[in-house]
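FYI, side chains are in, hydrogens and waters are out, and symmetry mates aren't considered; it's all heavy atoms of this structure.
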There are 2 protein chains.
Amino acid sequence: MSVQERKQRERAERERLIVATARELAERQGWDAVTTRRLAERIEYSQPVLYSHFRGKREIIGAVALEGAAELAAAVRAATSTVDGPRERVTALALAYLDFAERNPAVYDAIFQLDGGLAFAHEDTPEPLKDAFAALLESLGEVAGDGVHPGLFTEVFWASLHGLATLTRAGRLLPEDAAPRVELLVDRLAMA
Amino acid sequence: MSVQERKQRERAERERLIVATARELAERQGWDAVTTRRLAERIEYSQPVLYSHFRGKREIIGAVALEGAAELAAAVRAATSTVDGPRERVTALALAYLDFAERNPAVYDAIFQLDGGLAFAHEDTPEPLKDAFAALLESLGEVAGDGVHPGLFTEVFWASLHGLATLTRAGRLLPEDAAPRVELLVDRLAMA
DNA sequence: TCCGTTGTCTAGCGATGCTAGGATCGAATC
DNA sequence: GATTCGATCCTAGCATCGCTAGACAACGGA
C-alpha cells in the first residue's frame with residue numbers, strides 16, 4: 001500500500017512540475033516556445049512522459065489556465081476585501097484585474113485567449129473558472145443598478161476589462177493612459 | 001514597357017489572389033488550416049511563390065488584416081450614416097461592430113488577435129487601421145461627455161466591444177444575451 | 001528465482017514554415 | 001534567326017513541431 005501511495009505522490013509531484021515549468025517557460029519566452037521537447041528537457045524526462053499526464057499540449061495549457069484562474073480569483077478578492085464602499089471596491093477590482101493580466105500575460109492568455117480545451121458557460125465548466133467569475137460578481141453585483149441583472153452587468157464589465165487588457169498587451173492601446181481609462185469605465189458603468 | 005506593365009499587373013493580381021484565398025480558407029476552416037502548402041496548392045503555384053510576395057505567413061495575415069480593417073471601417077460608417085441622433089448612432093455602431101466580428105471571425109482575428117506584424121498606436125500604423133479607429137471616433141466622440149477626451153472615450157468603448165466580441169466567440173459568453181449587453185453598455189457609457 | 005506489470009525511453013511519422021539551388025522560359029542583342 | 005542573360009518558378013530539402021509505436025528496464029508479488 002505504502003509503495004503505491006509513494007508512487008502516486010511522486011506522480012502528482014511530477015505533474016505539478018510539468019505545469020509549473022510550462023507556465024514559467026511561457027511567461028519567460030511566450031507560449032510558442034513551450035514545445036513538448038523543450039518542456040520534456042526542462043523536467044528531465046522524455047517527451048512521452050508528458051502524454052502519460054496530459055492528452056496533449058492543449059491540456060497542459062488548460063492546467064495552467066485553471067491554476068491561473070484560481071490566482072486571479074484570489075487576487076480580485078484580496079484587492080476588494082480591504083476596501084470600503086461599493087464603488088471603491090469596483091475600482092480596486094478593475095485595477096487588480098488589469099494588474100494580474102499585465103504581470104501574468106502568458107497565464108492570462110492561457111485562461112482567456114488560447115484553446116486549453118476547457119468548457120465555458122456550461123454546468124461542466126471547471127470550478128476555478130466559475131469561481132473566478134463569482135469573485136467578479138461579488139463586487140460588481142453591488143453596483144449593477146436597479147433592474148439590471150447582476151450576472152449580465154458582470155459580464156459586460158468583465159468584457160470591458162478583458163478588452164482593455166488584451167488590446168493593451170497586443171500593442172493596440174498605449175499603456176500610459178490605463179489609469180484614466182479605468183476611471184472612466186468605473187465612473188460610467190458602476191451605479192451607486 | 002508594355003510587357004513590364006503586364007507582368008506587374010499579373011503580379012499584383014496574383015497577390016490579391018493569395019490574400020483572398022488565405023482569407024477564404026481561414027474563414028472556412030480557421031487560421032490553423034492556412035498552411036503555406038495548402039495556400040500554394042489553392043492558388044496553383046508552388047510554395048516559394050508566396051515568399052516572393054510576402055516575407056512569410058505573418059505578412060499574409062497582415063494583408064488580410066488590412067483588407068478587413070477597411071471593411072470594418074466601411075461597415076461602421078454605413079451603419080451610422082443613416083441613423084439620427086448621437087445615441088442611436090452609437091447603438092448602431094456597436095451592433096454593426098459585433099456583427100462584423102461574428103460574420104468574419106477569421107478576419108477579425110487577423111486584425112486584433114493574431115500577429116500580422118503590424119504596428120499599432122504609432123505614426124507608422126498602416127492607414128486602414130488608423131481609419132478604422134477614426135470611423136469609431138466619428139460617432140463615439142459625440143457622446144464622450146463633457147471634459148472627457150473623445151479619443152480616450154473611443155478607446156474604452158472600443159475595448160468593451162472588443163471584449164464582448166472575443167469572449168463571445170471564444171465561448172466565454174453565451175451569444176443569447178448579446179442584445180441586452182449592448183443595450184446596457186450604450187446606456188451607461190454614452191452621454192447625451 | 002521467475003514472471004508480469006508498470007514505467008520510461010529511443011526512434012520515427014506526418015506536417016509545419018521557410019530556403020537553397022537548379023531548371024526553364026522569354027526578352028534583348030548580335 | 002541564333003544566342004546570351006536575367007527573371008521566374010519549381011523540386012527538394014532543412015529544422016522543428018505535436019504525437020505515438022514498440023523496445024527495454026526496473027520492480028513488486030508469487
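- Atoms NZ (K57(A)) and P (dT16(D)) sit 15 Å apart, rounded to a whole Å.
- R38(B) comes within contact range of the sugar-phosphate backbone alone, with a heavy-atom separation under 4.0 Å but no base atom that close.
- L39(B) has its CG atom 13 Å from the P atom of dC10(D), to the nearest Å.
- For the pair T36(A) and dC19(D), the criterion of a side-chain N or O lying under 4.0 Å from OP1 or OP2 is not met.
- Of the candidates R9(B), R11(B), R16(B), R16(B) is the only one forming a side chain to side chain donor-acceptor pair (under 3.5 Å) with E13(B).
- Computed from coordinates, the E41(B) CD to dC9(D) P distance equals 18 Å when rounded to whole Å.
- The nearest pair of heavy atoms linking P128(A) to L66(A) is CB-O, 3.7 Å.
- Whole-Å rounding puts the F54(A) CZ to dG18(D) P distance at 15 Å.
- Ion pairing between R77(A) and D131(A) holds under the 4.0 Å rule for side-chain N and carboxylate O.
- Atom P of nucleotide dC19(D) and atom CZ of R55(A) are separated by 12 Å, given to the nearest angstrom.
- Across all strands, R58(B) comes closer than 4.0 Å to no nucleic acid atom at all (heavy-atom distances).
- One atom, CG of L50(B), and another, P of dT8(D), lie 16 Å apart when rounded to the nearest Å.
- Side-chain proximity of R37(B) to dT16(C), dC9(D), dT10(C): nearest is dT16(C).
- Cation-pi geometry between R172(A) and F112(B) is not met: the NZ or CZ atom fails to fall both under 6.0 Å from the ring centre and inside 45° of the normal.
- With hydrogens and angles ignored, a donor-acceptor pair closer than 3.5 Å exists between the side chain of Q47(A) and the base of dC19(D).
- Residue R14(B) places at least one side-chain N or O closer than 4.0 Å to OP1 or OP2 of dC9(D).
- Closest approach of T166(A) to G163(A), counting heavy atoms only: OG1-O, 3.3 Å.
- Nucleic acid contact for T35(B): sugar-phosphate only, since backbone atoms but no base atoms lie under 4.0 Å from a heavy atom of the residue.
- Taking atom CH2 of W31(A) as the reference point, atom P of dG18(D) lies 12 Å away to the nearest angstrom.
- When heavy atoms are screened at a 4.0 angstrom cut-off, R11(A) is found touching no nucleic acid atom at all.
- Rounded to a whole Å, the OH atom of Y51(B) is 12 Å from the P atom of dA20(C).
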